[in-house]
K.L.:
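Just passing along the structure, written as structure tokens.
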Amino acid sequence: MMTQKIGIGRAHSKIILIGEHSVVYGYSAIALPLKNIEVVCQVQASDQALEIDISDPLSTAVFAALEFLDKSDEKISVEIESNVPAKRGMGSSAAVAIAAIRAVFDYFDQSLSLPDLEMLANQAEIIAHENPSGLDAKTCLSDTAIKFIRNLGFSEMAMDLGAYLVIADTGIHGHTREAVSKVRSLEEKALPYLHRLGNLASTIEIGLLAKDLLVVGQAMNRAHDELNHLGVSSPEANHLVQVAKNQGALGAKMSGGGLGGCIIALCQNQEQAESLVSALEKEGAVNTWIENL
Ligand code: MEV
């Protein structure tokens, strides 16, 4: 009996250190890959055609890939196994799209260039996110931290701060699409916030280069306040940010599109990160991760 061909694709998740929302308006953002938090996709032959669901990044990514390969009529089934919690600002939709596109190309034994992969992932993201900046797909495709500017590109950033970043999930679904349209609907009222967030991204970049944890931490605190005043944070994220500050974190902020999702907190050392994780879990975080910076 012939073994059935299986196409496999993987992708990792990401977290935004600074620049969510302002990145949509051309300011720089800094984001980190989370290489151990992964999505794996498997594609196999099927006797039924897939049905497209345009609200689902998996479905839109698979169809974008099939169309690109001129194989829209092929019957395949697609399965996802994911450690990336969905709708938490961790790039789940971009990671799912990237893994699925890789799996479709692998299934048809087609080579896939990085620019084509990124273009197809962004095509799928447009439907999930509405006018995405491209930051999520770019970070999920990167093995290093990046500084990203919409339509201009990205540069790799060395991260050797000797510090730790705690990521804590509020357990509440974030709503990137709604948050992005909320900011847009504020029109010129949003501009001063976006401008200050843009400046804070530059401050954090300088702080990272100088390995000045205090500068980075303070700018994170200020960015959280700006995002909260912009209306894209949530009571749960605000609470966890406050817990992190009370526990002596150098800085803390919401991360990603917001209206739910995750917070991040900067810690001096592993011991502080671990005790902060316990405190955040006691105060309602449903999941936590520690990343070495
Ligand atoms: C979403 O992860 C980040 C946002 O800045 C939207 C985007 O960049 O497309 C909120």
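One-based numbering, in listed order, for ligands and for the atoms of each. Quick caveat: nothing in here was measured; it's all calculated off a predicted structure.
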K.L.:
In the protein, what heavy atom is nearest to atom 8 (O) of ligand 1, and what distance, to one decimal place, separates them?
P.N.:
S133 OG, 2.6 Å

K.L.:
Give the numbers and elements of all ligand 1 atoms closer than 4.0 Å to a heavy atom of V24.
P.N.:
5 (O), 6 (C), 7 (C), 8 (O)

K.L.:
Among all protein heavy atoms, pick the one closest to atom 4 (C) of ligand 1 and tell me residue, atom and distance.
P.N.:
H21 N, 3.9 Å

K.L.:
What pairs of donor and acceptor atoms, side-chain ones from residues 215-225 against any protein atom, are under 3.5 angstrom apart with sequence neighbours left out?
P.N.:
residue: N221; atom: OD1; partner: A252; partner atom: N; Å: 2.9
residue: H224; atom: ND1; partner: M254; partner atom: N; Å: 3.0
residue: H224; atom: NE2; partner: N238; partner atom: OD1; Å: 2.9

K.L.:
With only distance considered, is T176 within less than 3.5 Å of ligand 1 through an N or O on each side?
P.N.:
no

K.L.:
Heavy-atom contacts with V23 under 4.0 Å: which atoms of ligand 1 show up? List them by number with element.
P.N.:
5 (O), 8 (O)

K.L.:
With a 3.5 Å distance limit and no angle check, can you tell me whether Q247 reaches the backbone of V243 through a side-chain donor-acceptor pair?
P.N.:
no

K.L.:
Enumerate donor-acceptor pairs with a distance under 3.5 Å from any side-chain N or O in residues 62-77 to protein atoms, sequence neighbours excluded.
P.N.:
none

K.L.:
How far is atom 3 (C) of ligand 1 from its nearest protein heavy atom, and which residue and atom is that?
P.N.:
I16 CD1, 3.6 Å

K.L.:
Other residues, nucleotides and ligands only: do more than 12 of their heavy atoms fall within 6.0 Å of CD on E281?
P.N.:
yes

K.L.:
Check if K14 has a non-hydrogen atom at a distance under 4.0 Å from any atom of ligand 1.
P.N.:
yes

K.L.:
Angle between ring planes, H195 versus Y27, binned at 30° and 60°: parallel, tilted or perpendicular?
P.N.:
perpendicular

